[in-house]
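Structure, as structure tokens:
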Amino acid sequence: MTILVTGGAGYIGSHTCVELQQKGYDVVIADNFFNSSLDVPERIAKITGKKPKVYQLDVADEHALELVFSANCIDAVIHFAGLKAVGESCHIPLHYYRNNLDSTLTLLETMERHNCKQLVFSSSATVYGPANESPYTEDMPTSATNPYGWTKVMIEQILRDYCTADSGFSAVLLRYFNPIGAHESGLLGDDPNGIPNNLMPFVARVAAGQLPELTVFGNDYPTRDGTCLRDYIHVVDLAKGHLSALSYAASHTGAEAFNLGTGEGVSVLELINTFERVNEVSVPHRIGERREGDLADVYADPSRARNELHWVAEKTVEDMCRDSWHFIQTRMAEQ
Ligand code: WQD
């Protein structure tokens, strides 16, 4: 089977391409490399012994995408491509709506022309918004507090409506919690351009001496140590969840959402302390003000994915911290 992976050179996309190729799928990557390195396909090849076919394009470019579908017999699509920075989306909302919605609509129109009826969509726990409480379940109403989150809510709705119109279409909506960690080889990992927004890449760069200090955004939340709880999930577990979703899409129709999380909340200080302990490093940090929009606790009820996708996260927070540290050390050794 041939799988088109949009955004396949990105953090989660590249780890998913590794799992796909190791399971015998043929992989075609469509990526504009806006938020990924051009050498990622070679790194995927180093790990798996096979280089995916790569098209450098904007998924919203209908002519470019048509060429991909005309040149390859695409059986299913995993759609990662999209802008994903919460804070940035508040400053340039039109760019986020245009980019994330146009690329999805162009993809669906192209899939329709080529009778491709299986899609796995990269959604997010952010669709649970502020109104629901952890542990989140897939039947809860969705909303958002930022344009990025709204694009995920809207795309889920587009896919539900499309599945209503085409009863033969299958859309699996994967709601990620907090993906962290890296491939055990150290060749792939979370390597954002500039100053990281997210916790783990920031922790790793402070530990590596690339950044002076981590600010913990508040320790006055109603949690066991006052810092926010999040459901951190190893990116390789997350990648494997996409293969389970592909299998589900091949034997079901309609739009179905699944939480990909561990079901456990880990605090910011617990993550820092685990990182220091397993890697025997120091992460200088200070307690600062709360970050606007942060919720006290965000973690999944992952039982639907366990029961229907037959998928469970297996790696520990220690694994996530160890692999993240190995990745940044590998990157530093390469420079
Ligand atoms: C985790 C915790 C921060 C940085 C985001 C997006 C979400 C999803 C995953 C796309 C929070 C604290 C962080 C720092 C800190 N992305 N923190 N100091 O906000 O849970 O989720 O990424 O779908 O949509 O919102 O992840 O890693 O930014 O923060 O104290 O320098 O770490 O306050 O409690 P978040 P995060």
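All of these numbers come straight from a predicted model, not from anything done at the bench. Residue numbers start at 1 and run along the sequence shown. Each ligand, and each atom within it, is numbered from 1 in the order the structure gives.
A cation-pi contact, defined as under 6.0 Å to the ring centre and within 45° of the axis, links Arg175 to Tyr128.
Here the side chains of Cys321 and Tyr232 are not in contact, with every heavy-atom distance at 4.5 Å or above.
Considering each of Ile180, Thr215, Ile12, Val86, the one bringing a non-hydrogen atom nearest atom 6 (C) of ligand 1 is Val86. Closest heavy-atom approach to atom 19 (O) of ligand 1 within the set Lys84, Arg175, Arg291: this belongs to Arg291. Nearest to atom 24 (O) of ligand 1 by heavy-atom distance, out of Phe217, Phe177, Tyr148, is Tyr148.
A side-chain donor-acceptor contact under 3.5 Å links Thr262 and Asp231. Counted by atom type alone, Ser267 and Asp225 present one or more donor-acceptor pairs between their side chains at under 3.5 Å.
Close approach to Asn197 involves these atoms of ligand 1, each under 4.0 Å from a residue heavy atom: 4 (C), 28 (O). Close approach of ligand 1 to Leu214 is summarised as follows: ligand atoms under 4.0 Å from at least one heavy atom of the residue are 14 (C), 18 (N), 31 (O).
When Tyr176, Trp311, Phe258 are each tested for a ring pair (Phe, Tyr, Trp, His ring centres under 6.0 Å) with His242, only one passes: Tyr176.
In terms of protein heavy atoms, atom 1 (C) of ligand 1 is closest to Tyr232 OH, 3.6 Å.
The part of Thr126 lying near ligand 1 is the side chain, judged by heavy-atom distances below 4.0 Å.
Within the structure, the closest approach of Asn178 to ligand 1 falls below 4.0 Å when heavy atoms are considered.
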